[in-house]
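Numbered from 1 within each chain, the chains take letters A, B, ... in sequence-line order.
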Amino acid sequence: MHTRQSATRLLRNVAGNRLQKRLAGNSNPSPQNLAVRLSKPGPNKNNKPSSPTDAEIVKWNKAISDHMRNSRCEAALHLFDTMPSRTTVSWNAMISGYLNNDRFDLARRFFDEMPDRNLVSWNVMISGYVRNYDLIAARRLFDEMPERDVVSWNTMISGYARNGFVDEAREIFDRMPVKKLVSWNVMISGYVRNHNMHAARCLFDKMPERDVVSWNTMISGYAQNGYVNEAREIFYQMPVKNSVSWNGILSGYIQNGRMEAARQLFELNSNWDTVSWNALMAGYVHRKRLVDARMLFNRMPGRDLVSWNTMISGYAQDGNLSEAQKLFEESPTRDVFTWTTMVSGYVQNGMLVEARRVFDEMPVKNSVSWNAMIAGYSQCRMMDEAKELFEAMPCRNISSWNTMITGYAQNGEIDHARQLFNEMPKRDSISWAAMLAGYAQGGYSERALHLFIQMNRDGERMNRSAFTCALSTCADIAALECGKQLHGRLVQAGYEMGCFVGNALLAMYCKCGSIDEAYDAFKEMPEKDLVTWNTMIDGYAKHGFGKKALVIFESMRMTSIKPDDVTMVGVLSACSHAGLVDKGIDYFYSMNRDYGMTAKAQHYTCMIDLLGRAGHLEDAQALMKSMPFEPDATMWGALLGASRIHGNTKLGEKAAERIFEMEPDNSGMYVLLSNLYAAAGRWSDVGKMRVTMRERGVKKVPGFSWIEVQNKVHTFSVGDSVHPEREKIYAFLEELDLEIKKLGYVSATKTVLHDVEEEEKEHMLKYHSEKLAVAFGILNVPHGRPIRVIKNLRVCEDCHNAIKHISKIVNRSIILRDSNRFHHFDGGGCSCGDYW
DNA sequence: CTAGGGTTAG
């Protein structure tokens, strides 16, 4: 037991004068700033503690936790401050309470200042760091603590696994001296979370005893990773089921988009609990079927807070703020969740004033609430307001900093972004990515590169996972030069052996369009795991080298590593992209025959694509009908694409209709259908499409392309008129145009629709962003080196045709990455074989 | 007061 010594002084230190002043003027105090107020010396501080009984202290402690659970930090602190004597448990309750309310700073101060720590204090603090995504700090505490119990070990395992470090989690798991049932469950759940069902199953089969949680973890793991059949198998095998088991199956259907199957199961029996109702309702909300969701909501026997929150967020995200507001007012109780939903609903619909009104009214805010409001301001380019909130918020977390960095970067204030990046206490992969993306999108490639180098210099920060993260950032923004630099540093650091980094390296080369260097890296990897093989296969497939992909697959079969469903997606899409119909069909059937795999939605999508492209539209439809689940928008999209290639307007319309039902905002599909009409000469339908798009408020994503030349990224958009070298580029394009027409190129104005006025059509076509970037590349990339262009959307058919001819005329190799795949143009042809 | 399974917000 301790006297109440330093709590007051402690808090005064925590708050700091600046914050205290700022909050003093706030007319609408949140509990967080009340906590600060209490730091002023209160009355009755000099009573000598009478000696309370143990039972009384337990009561006090319970009251503290209770306050904390209900986000009443100030009340908890008041109790803590005035209680006659404290135990370690009291301190622990405060720490845990603050952590639950996103006050990591206060929690740590209490932890540091407390007179005696027990095992729980350490464990609580570690779990706090885990929740704040700070695995390094968590690990430091874990290593420092004087002794560890099962909970300490389990917390670390779960912490690593939750944040994607499943190997580190396994390392801890293997090292722990005594494993309990929960330890096994945590580790299995870690594998599940990281989509490694194979490893999860191995552990599950090996574990000495199982309880209902172990079984349920496997059910939901299989279900959420798309193996509904396996989930059902486990479900039937398990000795004692509870409602969680049932809900695992139900939400498995829901998350795999099989709403009708979910519904059938749901109607089959009547003893579903509230969680089940909520899950089904959320499924409908997620698929924008608000009418169905509302019908369930009305029918529900017992609505809880989650039910109300789900329904409210459904309306809010759908833009129906008036209905959301109505339900919000009707709801019997509201929690932080409810309020935050309203705030972010208004924010997402650009209604900043309303958002702010709700935000000011809400009684308890957590970091999510603050971040939502900040994001709202920064999306509306109101960085001053965003900054004001950011500085006032008591519970800043990494997300808050990241939101601000992104905001500044997107508003062109790159230096402010960098300043925050430098100042922030902890960075995660998002922070680096945000900063790098800011540099990359703003054209500051040298600075992006420099940031990588700084990452390396920081030494400690540049561990294996940082390399992995940096490499995958390079892959995303197709920064090949940066990626190569990292590769160099990797070799210097002696890191290049492991699969972890090796796979990232491989993926980087693939996504940056350098498939040959990817293969070099692949060859040199001493150990190849499943991901290595999958990455290489998919890389070749995406680049249109289907036969090479299949060669890799055949070598993989010689090893002891078993292909999984991801492998097969790569193999099937290789066949599809390369037009290898019979091979594709063979492989599809071999999945079950040779490996006992059940084909998932993605495999069917590949097959529909494969059959469709090859002109077997009937077979594609037949396959769709025979599938064990409902077709999703991607499958109809594949069919629509195939219909376009083969000029089947009727089928295209049917597919499009289904897509618009499921994804009314998918602008790419509207364009695809328009192109189909245009190709058939149905101009009035083309016009109607344009009207429909306008009526439904579908915005076509503007297309842009970029190219890296001498460490600088050049971005182009349709009809670009801002690039400093535009005159030269346009003149060069005119010249090319004449040349390629001699080769038989016909401007395909008629087949391509873009949302520009009719008379501008031919003019605009010549100036699509990809053409501009290619022309710029030819003019500026030294001879003998490939020209690498990236486009955010699918490449336009006419441009594709033109670039093929251009590659022949200028005798250059042009590599174009679009949103779907890679195109290698060489000597007048393309690696995609005109199928894409 | 701390670790594992099914539903809601960034």
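Between A:Ile405 and A:Ala417, the closest heavy-atom pair is O-CB, 3.6 Å.
A:Met393 has its CE atom 11 Å from the C1' atom of B:dG10, to the nearest Å. As rounded to whole Å, 14 Å separates atom C1' of B:dC1 from atom CZ of A:Phe110. B:dG6 atom P lies 14 Å from atom CG of A:Asp211, rounded to whole Å. For the pair A:His67 NE2 and B:dC1 P, the computed distance is 14 Å after rounding to whole Å.
Taking side-chain N and O atoms only, A:Gln255 has a distance below 4.0 Å to OP1 or OP2 of B:dT7. Distances shown here put a side-chain N or O of A:Arg193 below 4.0 Å from the OP1 or OP2 atom of B:dG5. One finds a side-chain N or O of A:Gln224 lying less than 4.0 angstrom from the OP1 or OP2 phosphate oxygen of B:dT7.
Tested against A:Trp184, the residues A:Phe173, A:Trp153, A:Phe204 include a single ring pair (Phe, Tyr, Trp, His ring centres under 6.0 Å) partner, A:Phe173. Screening A:Trp370, A:Tyr377, A:Tyr346 for a ring pair (Phe, Tyr, Trp, His ring centres under 6.0 Å) with A:Phe359, the sole residue that qualifies is A:Trp370. Exactly one of A:Phe421, A:Tyr408, A:Phe390 qualifies for a ring pair (Phe, Tyr, Trp, His ring centres under 6.0 Å) with A:Trp401. That residue is A:Phe390.
Heavy atoms of A:Ser243 sit under 4.0 angstrom from at least one base atom. Across all strands, A:Arg162 comes closer than 4.0 Å only to sugar-phosphate atoms, never to a base (heavy-atom distances).
Residue A:Val275 places its side chain closer to B:dT7 than to any other of B:dT7, B:dG10, B:dA9. Nearest to the side chain of A:Ser313, among B:dG10, B:dC1, B:dT8, sits B:dT8. Nearest nucleotide to the A:Thr217 side chain, out of B:dG10, B:dG5, B:dC1: B:dG5.
The base of B:dG4 lies outside donor-acceptor range of the side chain of A:Asn216, with no N or O pair under 3.5 Å. For B:dG5, its base sits under 3.5 Å from the side chain of A:Asn242 at one donor and acceptor pair at least. Judged by distance alone, with hydrogens and angles left aside, A:Asp273 brings a side-chain donor or acceptor within reach of the base of B:dG6, the pair sitting under 3.5 Å.
Stacking between A:Trp122 and B:dT2 is absent: the aromatic ring centre is not both under 5.5 angstrom from the base six-membered ring centre and within 30 degrees in plane angle.
Nucleotides of DNA chain B nearest to A:Tyr133 and A:Val186 differ in position, and the one nearer the 5' end is that of A:Val186.
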